[in-house]
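Here the structure comes first, spelled out in structure tokens, and everything after it is commentary.
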Amino acid sequence: MSLTKVKFLQSVVHLHLVKRVVLKRSTEIVGYLKSELHTGARLPPPYANTNMTAESPANNVQISVCQLTSTDDKASNLEVTSKLIRQAALLGSKIIFLPECFDYVGQDKTQSANLSETMDGEIMSTLKGTARSHGVWLSLGGFHERQPTNRSDNCPWLSNIHVLIDDQGNIASSYRKIHLFSLSSDVLGPGRSLRESDVVIPGNEIMPPVSSPIGKLGLGICYDLRFPEFSRSLRSLGAEVLTFPSAFTVPTGTAHWESLLRARAIENQCYVIAAAQVGIHNQHRASYGHSMVVDPWGKIVAEAKDDQSLLSLEIDLNLVSSVRRKMEVFNHRRPDVYLAHSPKDALAVRMTHFTVPDSAEDEEIVSFGHVKLKRRFIFLESLHSRAFVNRKCVLPGHVLVISKRVAFRLHDLSSEEVADMFQLVQVVQKLVEDLHNTRSSSVTVQDGPDSGQTVQHVHVHVIPRKPADFKENDSIYEKLATHDKGEVKWRLEEEMSTESSMLRNFYKTNHI
């Protein structure tokens, strides 16, 4: 296909519209919208005897997924993208997903570098305004972000960045791709290869999921899809939806695209949304297409065909919690066993992210051994651990840190979980010391019933200390062993909620 024909296709975009009310046995196909829209995307079969339908009432949110054929013509690409966003907004979509390289696909490494922009350039500024004017969220996956440093050929280095813009036109989050793609001529054919690291600097962190109109959104890009640990980390951080804007090659897409998307959805019990590039970009590059939405049970909700198109559909947010409740896969994981057989991973200590819980989830319940703990009392979380205020304090500011997975003893935790928990302990210790204006803390683990442990779930006490708060300094351990036994006057929930809120705000203000 000639480049002229590609550009012609961009100007006459056939928009495939699929409106599927998720988890209902009937499929509703919306007909022509003006003269531009026609049906044609693949519709998967309805749910048959899975018993994994969402509970009533449904909590449906309209989304749209754009499939593009980007070229090196940035103005034309932006025109097509803006047109699709307008159409999606007319259909009532709350959030719209664009693929990797939505800004452009260069002819070669030099052109790719020279076409790049910074985050305050024309493309990103235009799309911020578009999001604001239409009142929609935009997932902009795989923007070529120009870096201030140059390669050896004097062209600027790039970051491959997934930008999430909210309906006010603000950047809600951004993630720089950590796994860089490489494919040899054995797959692509003689004389053809792709090596992203020639032009892109890898990122070095997974970003915490963001609260969005469709729940907690985890940001990935294309090749990240092939790494199960990446998606597992996002799920552990609270993701309900995983996004993988992509530009899969035709050989790899044909072989693996659907399998990978469905696997990540099933493993993590999340929706997976993957906007894709499609068709011939130039004489060196073509993409597989088949933009797809997969639900937490692994069902394909919608799939695009082989041209530029718009998928518009409703997803039911209740399905995530329903599937997770009926099959508690994450509670059955055994990282203590997995890592025992992987010495390299078991010894690896990885810096973790710390997040303040979303207040919208305050009434949710998590487990602290046999105790049901409201999330409103949790003030800080990491990948595998959480910190919360205490029902009975030995001293003011006495808080607890636990593993998210219910484990009886410290040695029941994996090396990764232990490292994560004590990194959180370090942050929490500084937090409560700063808040209570102290210079010392007692940090201790009651590990097992003979140590005074009353809740069978490994936990760390963090207690800020002041001079002479006990006549004999070590008396704190006697107090700790008895403070929650016998006739105990527990703190009121209102008091605990106030303290948790204060700690959350103090962390946001002073520790980010």
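Throughout, residue positions are numbered sequentially from 1 according to the sequence presented.
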For Thr69 against Gln308, the heavy-atom pair lying closest together: N-OE1, 2.8 Å

Parallel, tilted or perpendicular: which describes the rings of Tyr175 and Phe230, with under 30° parallel and over 60° perpendicular? tilted

For the residue pair Tyr288 and His290, categorise the inter-ring angle as parallel (less than 30°), tilted (30 to 60°) or perpendicular (more than 60°). parallel

Any donor-acceptor pair under 3.5 Å linking the side-chain atoms of [Y] with those of [X]?
X	Y	value
Asp447	His411	no
Arg226	His256	yes
Glu433	Ser441	yes
Ser501	Thr498	no
Gln67	Ser291	yes
His384	Glu416	yes
Ser70	Gln277	yes
His457	Ser403	yes

Would you please indicate yes or no on a ring centroid separation below 6.0 angstrom for Phe354 and Tyr507? no

Are His459 and His461 an aromatic pair, judged by ring center distance below 6.0 Å? yes

Can you tell me which residue pairs pass the salt bridge (Lys or Arg N to Asp or Glu O under 4.0 Å) test with a partner in residues 453-463, sequence neighbours excluded? none

Lys NZ or Arg CZ of Arg333 over Phe330 ring: under 6.0 Å, within 45°: yes

Between Phe506 and Phe379, is a ring pair (Phe, Tyr, Trp, His ring centres under 6.0 Å) present by the stated rule, with each step listed? CA-CA 10 Å; Phe506 193 77; Phe379 59 88; over 10 Å; no

